[in-house]
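In what follows, chains carry the letters A, B, and so on, assigned in the order in which the sequence lines appear, proteins first and then strands, with residues in each chain numbered from 1.
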Protein chains: 2
Amino acid sequence: MGLRWNRVVIEAADPARLGRWWAEVLGYPIMHEEHGELMIGPDLDLPCIYFTPAHADKAGKNRLHLDLSPTDQEAEVERLLDMGARHIDIGQGDVGWVVLADPEGNEFCVLQSRGED
Amino acid sequence: MGLRWNRVVIEAADPARLGRWWAEVLGYPIMHEEHGELMIGPDLDLPCIYFTPAHADKAGKNRLHLDLSPTDQEAEVERLLDMGARHIDIGQGDVGWVVLADPEGNEFCVLQSRGED
């Protein structure tokens with residue numbers, strides 16, 4: 001294929017700090033860091049996550065967000081809250097996934113437990 | 001690892017239509033479709049892209065976007081424009097990548113040619 005999905009780019013007030021936070025969340029190594037930009041990912045051949053400086057404040061709910069799949073939802077949500085994530089209400093109601101925001105307010109979801117890999 | 005990055009979720013006015021557009025862009029199969037939601041991806045063990053109904057119009061530039069890596073940037077940009085993408089100016093200036101918007105206005109970048117796989 002002539003076109004490959006290479007990465008998700010997240011604009012951040014503090015890309016180096018937010019990128020390190022997400023690296024810890026996902027257990028990803030820091031693959032590249034330069035001029036305050038930071039890339040994390042499991043492997044350079046797979047989609048990575050790239051943090052770059054934002055030129056504006058976050059306004060409203062993001063139109064794109066990440067979904068995370070836990071082996072143990074309750075334990076992972078607890079770990080994320082300890083790390084500085086917070087619960088948010090985006091009108092999701094009573095659903096099986098948990099909606100959190102990262103330290104810069106970016107919404108993401110922790111899906112139902114998938115069981116052990 | 002107890003937490004796996006599972007997918008990017010894109011809220012869309014017409015998720016089935018936009019998902020099919022992106023499936024064609026990336027050469028991905030449609031992995032799941034239900035209640036107007038649609039998932040595309042290379043493999044269920046890798047991050048997928050999930051399209052779900054938006055509850056609001058797109059407002060301003062997205063804080064998250066996708067970067068695509070082409071074997072031939074010029075040819076791929078031409079193909080994307082033929083498919084309905086359009087050039088946009090987000091103040092990128094004179095850079096090596098090309099900034100486009102998908103049919104719902106979501107910004108994405110086509111990076112410099114990486115050469116043949």
Side-chain angles (χ1 to χ4, degrees), chain A residues 1-12 22 24-28 39-43 45-52 54-73 75-77 79-80 90-91 104-111 113-114 116-117, chain B residues 1-12 22 24-28 39-43 45-52 54-73 75-77 79-80 90-91 104-111 113-114 116-117:
Chain A
M1 189 65 194
L3 200 55
R4 192 170 63 191
W5 173 29
N6 201 46
R7 57 196 186 187
V8 174
V9 180
I10 301 180
E11 297 177 12
W22 276 98
E24 189 178 338
V25 165
L26 293 168
Y28 283 171
M39 183 159 77
I40 66 171
D43 185 317
D45 288 331
L46 300 177
C48 294
I49 309 178
Y50 194 86
F51 297 85
T52 185
H55 300 293
D57 291 339
K58 181 175 186 290
K61 182 162 153 280
N62 289 342
R63 203 155 178 91
L64 278 71
H65 69 259
L66 305 184
D67 273 2
L68 310 182
S69 174
T71 46
D72 179 335
Q73 188 192 50
E76 289 299 330
V77 167
R79 181 173 74 94
L80 288 159
I90 54 167
E104 292 205 8
N106 297 300
E107 305 85 4
F108 65 99
C109 297
V110 181
L111 304 176
S113 302
R114 67 176 188 274
E116 292 300 323
D117 282 326
Chain B
M1 190 63 193
L3 201 56
R4 192 171 63 191
W5 173 29
N6 202 44
R7 57 197 186 186
V8 174
V9 180
I10 302 181
E11 297 177 12
W22 275 97
E24 188 178 339
V25 165
L26 293 168
Y28 283 171
M39 183 159 77
I40 66 171
D43 185 314
D45 288 331
L46 300 176
C48 294
I49 309 177
Y50 194 86
F51 297 84
T52 186
H55 299 291
D57 291 339
K58 181 176 186 289
K61 181 162 155 279
N62 290 341
R63 204 155 178 90
L64 277 71
H65 69 259
L66 305 183
D67 273 2
L68 310 182
S69 174
T71 46
D72 179 335
Q73 187 192 50
E76 289 298 329
V77 168
R79 180 173 75 93
L80 289 159
I90 53 167
E104 292 205 8
N106 298 299
E107 304 84 6
F108 66 99
C109 297
V110 181
L111 305 175
S113 302
R114 66 175 190 275
E116 292 300 325
D117 282 324

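No donor-acceptor distance shorter than 3.5 angstrom exists from the side chain of A:Arg63 to the backbone of B:Leu64, with no hydrogens or angles considered. Looking at A:Arg7, its side chain never comes within 3.5 Å of a backbone N or O of B:Ser69 through a donor-acceptor pair.
A pairwise comparison of heavy atoms in A:Asn62 and B:Glu11 identifies O-OE2, 4.0 Å as the closest pair. Taking every heavy atom of both residues into account, B:Asp67 and A:Val9 meet most closely at OD2-CG2, 3.4 Å.
For B:Glu104, the part lying near chain A is the side chain, with the backbone staying farther off; criterion is any non-hydrogen pair under 4.5 Å. For B:Leu46, the part lying under 4.5 angstrom from a heavy atom of chain A is the side chain only. Using a 4.5 Å cut-off between heavy atoms, B:Cys48 touches chain A through its backbone atoms (N, CA, C, O) alone. Using a 4.5 Å cut-off between heavy atoms, B:Asp43 makes no contact with chain A at all. Proximity to chain A (any heavy atom under 4.5 Å) is shown, for B:Ala75, by neither the backbone nor the side chain.
Annotation: the span from B:Arg114 atom CZ to A:Arg4 atom CZ amounts to 4.0 Å, rounded to 0.5 Å.
At a threshold of 4.5 Å between non-hydrogen side-chain atoms, the residues A:Ile10 and B:His65 do not count as touching. Counting heavy atoms from C-beta on, the side chains of B:Leu68 and A:Trp5 come closer than 4.5 Å.
In terms of the ring-ring contact (aromatic ring centres under 6.0 Å, His included) criterion, B:Tyr28 has no residue partners (sequence neighbours excluded).
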Evaluate the criterion side-chain contact (heavy atoms from CB on, under 4.5 Å) for residue pair A:Leu80 and B:Leu3; output intermediate values, then yes/no. CA-CA 10 Å; A:Leu80 288 159; B:Leu3 201 56; 4.0 Å; yes

